[in-house]
*Asks:* 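Next up is a structure, given as structure tokens.
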Protein chains: 4
Amino acid sequence: MTERRRGAVRSEKARVAILRATAAQLAERGWDQLTIEGIAADAGVGKPTIYRWWPSKSALIADALLEGALALPAPLPADTGDLRTDLVDWLEPTLRLTEDPESTALTRYLVAAAAEDAVVGHRLDEASPATRVLAERLSIAKARGELAPSASIELIVDALIGAFIMRALRRASYEPGQAAALVDAVLSEQQGSARAPD
Amino acid sequence: MTERRRGAVRSEKARVAILRATAAQLAERGWDQLTIEGIAADAGVGKPTIYRWWPSKSALIADALLEGALALPAPLPADTGDLRTDLVDWLEPTLRLTEDPESTALTRYLVAAAAEDAVVGHRLDEASPATRVLAERLSIAKARGELAPSASIELIVDALIGAFIMRALRRASYEPGQAAALVDAVLSEQQGSARAPD
Amino acid sequence: MTERRRGAVRSEKARVAILRATAAQLAERGWDQLTIEGIAADAGVGKPTIYRWWPSKSALIADALLEGALALPAPLPADTGDLRTDLVDWLEPTLRLTEDPESTALTRYLVAAAAEDAVVGHRLDEASPATRVLAERLSIAKARGELAPSASIELIVDALIGAFIMRALRRASYEPGQAAALVDAVLSEQQGSARAPD
Amino acid sequence: MTERRRGAVRSEKARVAILRATAAQLAERGWDQLTIEGIAADAGVGKPTIYRWWPSKSALIADALLEGALALPAPLPADTGDLRTDLVDWLEPTLRLTEDPESTALTRYLVAAAAEDAVVGHRLDEASPATRVLAERLSIAKARGELAPSASIELIVDALIGAFIMRALRRASYEPGQAAALVDAVLSEQQGSARAPD
DNA sequence: GATTAATCGAGACGGTACGTCCAGTCTTGGA
DNA sequence: TCCAAGACTGGACGTACCGTCTCGATTAATC
């Protein structure tokens with residue numbers, strides 16, 4: 001009982017080429033300099049083909065995000081059973097990403113897209129698998145009692161990711177070792193344990 | 001011993017009108033829809049007058065920020081002597097700002113500008129006096145011993161402001177009362193002490 | 001064996017509207033005040049559509065000339081068999097055109113365009129069908145022996161048209177009856193014959 | 001009974017520099033590309049100094065013409081007593097000027113200026129001393145009976161100069177020897193005499 | 001010799017048009 | 001029916017000059 005009408009069917013090749021081109025052009029030129037025309041040319045596609053399927057530049061980015069074509073090379077939080085260690089071991093290299101110009105640039109472009117478009121904004125936490133895994137890790141911690149029941153996982157994630165984004169926006173350098181201090185600050189539960197100096 | 005050359009002098013009236021118009025147009029139409037032409041028309045000024053003094057849209061925003069024409073209606077942290085209380089009392093209404101569409105919109109526009117332009121990014125912490133005062137309050141807290149000497153004030157500010165910005169970007173609603181939980185999480189040092197009921 | 005590529009085809013409607021608007025604007029405002037922007041607005045067309053097909057203001061005029069949209073209301077030389085009579089009967093009303101402000105203005109605008117642009121210059125003799133017909137009439141005269149074989153038709157045409165243009169440029173009034181004197185002067189061959197009183 | 005008010009007097013140095021710069025820029029860049037700004041810069045003068053004394057670009061050209069800063073290197077008609085010889089000897093090298101790109105360019109620029117501005121038009125016959133001398137020579141010829149009393153000197157001059165201008169506008173090459181044919185055509189009186197072939 | 005007003009250079013001003021780029025829509029012909 | 005190609009209207013870009021204006025410095029007639 002296929003509902004397909006007569007005529008050619010949507011070209012998967014074109015769809016993929018467009019999303020790839022979107023990701024490539026975004027990484028290369030940034031949000032502001034991103035043009036549908038450029039994407040069409042890069043993908044070897046006519047402009048109307050893009051407009052037929054996506055209503056806006058931002059919708060393209062949102063889809064490219066979902067497609068995983070735009071993920072940052074961020075590490076994933078592990079689950080060793082020790083929340084503090086896991087978070088520090090994740091946050092430290094994550095913040096170090098701010099030392100990589102390409103990563104900060106891509107971050108800023110995604111933030112710009114999120115700022116302009118609600119759909120991209122809603123999907124901002126999918127910009128990297130790290131965010132999802134981080135939320136899961138915190139969930140588990142809460143279940144295990146590593147985290148107070150009153151803690152808002154959503155807000156903690158926002159604070160950690162937000163700190164990273166703020167560094168990218170402010171073009172601020174990262175001073176190694178600060179990750180531990182932030183995690184300690186965030187995780188009041190950890191207090192009694194020994195703190196790594198600096 | 002001024003080196004002033006001969007010739008007509010820069011018009012202060014035009015300068016102010018342009019910055020005001022920039023702020024008004026940004027708040028009204030957003031970063032993407034912001035046009036120099038529109039600003040010029042709004043300010044009653046010729047386009048070349050803008051280009052003579054500012055190299056780009058972003059530079060205009062950066063200056064409008066400095067001029068204080070773009071401040072969010074954010075509360076300022078107080079200093080009652082109790083850091084936790086002060087932070088919660090500041091963070092709660094600040095996060096509540098995310099319920100105001102105009103404030104979140106302006107926040108996103110500023111973030112977009114910061115994402116596109118390094119100068120705006122560097123001045124992002126001046127977007128609101130709140131950021132400055134917050135950093136000062138934390139400094140005082142560190143001096144008083146309310147905060148561990150190893151704590152990175154910069155990173156804590158990034159995390160708190162970042163959390164706010166993330167909510168604005170994600171168009172996430174704020175559930176009242178979470179502020180306290182975040183502050184508690186951030187301020188591990190405070191833990192042992194009695195918590196003033198919010 | 002057409003080499004036509006795929007894609008939309010040039011809009012004839014736009015082409016005609018642009019040339020018409022060019023002629024109208026030139027006649028109305030003159031060469032100096034002629035703006036591409038004005039033509040585009042008048043023709044209900046985007047500026048890029050004009051720039052896509054014509055490299056300059058002058059090229060537009062040249063095409064409008066070819067299209068016949070800019071012809072002066074000049075009379076045509078007849079062929080009664082008597083060259084002198086034909087020329088006088090043509091030159092007299094032609095020079096009288098200098099009494100019509102619109103005609104002299106259009107003449108000057110065309111001259112200005114020809115002065116600025118080589119293509120318009122090359123087509124200057126097509127500004128009016130009169131020039132072509134005049135050259136033909138002189139050719140016939142030469143074949144018939146009404147004109148010396150050594151006479152340069154090109155130069156005689158230049159002199160006659162040039163005299164007209166000079167009056168237009170000098171804003172000089174025309175004293176009726178002088179046409180006969182000029183023709184007589186030009187047509188030395190006619191001399192011996194009786195001169196019909198004009 | 002001097003009406004002079006107190007204060008500095010008009011600077012002759014500036015006046016001359018401006019007219020010189022006008023002539024230089026016109027010859028160099030043409031009418032269309034001629035800018036007051038460029039003239040001011042070239043003359044080392046402020047724009048208002050120009051606007052104070054001349055109402056328009058064309059007025060500048062008109063004055064530069066009068067000042068003799070823009071004369072074509074045209075020969076002058078002589079008076080050997082033989083009108084035909086004198087005219088041929090003048091017209092031949094004059095038409096040959098059309099072989100010199102600089103001369104034709106300057107001619108076209110002056111024509112453009114005359115087309116746009118009535119004052120320049122009225123002074124067009126002063127563009128070169130040749131025009132004046134030519135009219136004088138024809139006057140003398142008429143007095144001597146070399147020219148018919150009914151001949152319109154004004155129109156003959158227009159025809160001869162007009163022929164030259166037409167060549168310049170049409171970017172037409174000049175075929176040597178045609179001058180004699182034109183003069184013969186113009187001077188019906190000369191008819192009986194031998195004509196140089198072609 | 002001091003006063004004073006017109007002129008000078010410089011250059012900022014509000015504008016207009018430039019010629020270009022891209023947006024988003026529409027049209028055409030091939031697959 | 002969808003696709004590529006590309007022409008279309010339209011709007012903003014950043015630049016070049018326009019003609020006016022406002023400066024401080026200079027200059028020369030008048031006091």
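Quick note: numbers below take in every heavy atom, side chains included, and nothing from hydrogens, waters or symmetry partners. Order of the sequence lines fixes the chain letters, A, B, ..., with proteins taken first and strands second; residue numbering starts at 1 for each chain. Keep in mind that this is a model prediction, so the values were computed, not measured.
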*Asks:* Can you measure B:E12 atom CD to E:dA12 atom P for me and round it to whole angstrom units?
*Replies:*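 Distance, rounded to whole Å: 15 Å.
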*Asks:* Here's one to test your reading of the geometry: is the NZ or CZ of A:R15 within 45 degrees of the ring axis of A:W53 and under 6.0 Å from its centre?
*Replies:*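 No.
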*Asks:* Quick one: C:I36 CD1 to E:dG19 C1', roughly how many Å, whole number?
*Replies:*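 Going from CD1 in C:I36 over to C1' in E:dG19 covers 9 Å.
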*Asks:* Could you state the CD-P distance from C:Q25 to E:dA17, rounded to the nearest angstrom?
*Replies:*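 The distance from CD of C:Q25 to P of E:dA17 comes to 11 Å, rounded to the nearest Å.
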*Asks:* Check whether any side-chain N or O of B:T49 sits under 4.0 Å from OP1 or OP2 of E:dG14, and answer yes or no.
*Replies:*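 For E:dG14, OP1 or OP2 has a side-chain N or O of B:T49 closer than 4.0 Å.
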*Asks:* Could you tell me how far apart C:I39 (CD1) and F:dT9 (C1') are, to the nearest whole angstrom?
*Replies:*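 In whole Å, F:dT9 C1' lies 17 Å from C:I39 CD1.
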*Asks:* Using the rule side chain to side chain contact (heavy atoms under 4.5 Å, CB included), only one of B:Q25, B:R20, B:K47 pairs with B:I39; which is it?
*Replies:*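 It is B:Q25, the one option of B:Q25, B:R20, B:K47 that forms the side chain to side chain contact (heavy atoms under 4.5 Å, CB included) with B:I39.
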*Asks:* Base, sugar-phosphate, or nothing for B:G38, non-hydrogen atoms under 4.0 angstrom?
*Replies:*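 Contact class for B:G38: none.
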*Asks:* Respond yes when some side-chain nitrogen or oxygen of D:W53 is under 4.0 Å from OP1 or OP2 of E:dA6, and no when none is.
*Replies:*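 So the side-chain polar atoms of D:W53 never come under 4.0 Å of the phosphate oxygens OP1 or OP2 of E:dA6.
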*Asks:* Using a heavy-atom cut-off of 4.0 Å across all strands, would you classify B:T35 as base, sugar-phosphate, or nothing?
*Replies:*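 Sugar-phosphate, no base atom in range.
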*Asks:* Once you round it to whole Å, what is the distance between C1' of E:dG11 and CZ of B:R52?
*Replies:*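 Between C1' of E:dG11 and CZ of B:R52: 8 Å.
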*Asks:* Between B:Y51 and D:P48, which has a closest nucleotide on DNA chain F that is more 5'?
*Replies:*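 The residue closer to the strand's 5' end, by nearest nucleotide, is B:Y51.
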*Asks:* Just verifying a value: how many Å separate B:L26 CG and B:K57 NZ, rounded to the nearest 0.5 Å?
*Replies:*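 Taking CG in B:L26 and NZ in B:K57, the distance rounds to 9.5 Å.
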*Asks:* Distance from A:D42 atom CG to A:T35 atom OG1, nearest 0.5 Å?
*Replies:*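 Rounded to the nearest 0.5 Å, the CG-OG1 separation comes to 9.5 Å.
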*Asks:* Start at the 5' end of DNA chain F and walk down; is the nucleotide closest to B:R29 or to C:V45 reached first?
*Replies:*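 Per heavy-atom nearest nucleotide, the more 5' residue is C:V45.
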*Asks:* Quick one: A:K13 NZ to E:dA31 P, roughly how many Å, whole number?
*Replies:*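 Roughly 14 Å, once rounded to whole Å.
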*Asks:* Counting the atoms with a prime plus P, OP1 and OP2 as sugar-phosphate, which does C:W54 contact under 4.0 Å by heavy atoms, base, sugar-phosphate, or nothing?
*Replies:*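 The residue C:W54 makes no contact with any strand.
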*Asks:* For D:L169, does its backbone N or O pair with a side-chain atom of D:R171 as donor and acceptor, under 3.5 Å?
*Replies:*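 It does hold such a pair.
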*Asks:* I want to verify a distance call: between E:dG19, F:dA7, E:dC8, whose nearest atom is closest to the A:K47 side chain?
*Replies:*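 Selected nucleotide: F:dA7.
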*Asks:* For C:R10 and F:dT9, give me the distance from atom CZ to atom C1', rounded to whole Å.
*Replies:*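 The answer, rounded to whole Å, is 16 Å.
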*Asks:* Can you tell me the distance, in whole Å, between the CD atom of A:E37 and the P atom of F:dC8?
*Replies:*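 In whole Å, F:dC8 P lies 14 Å from A:E37 CD.
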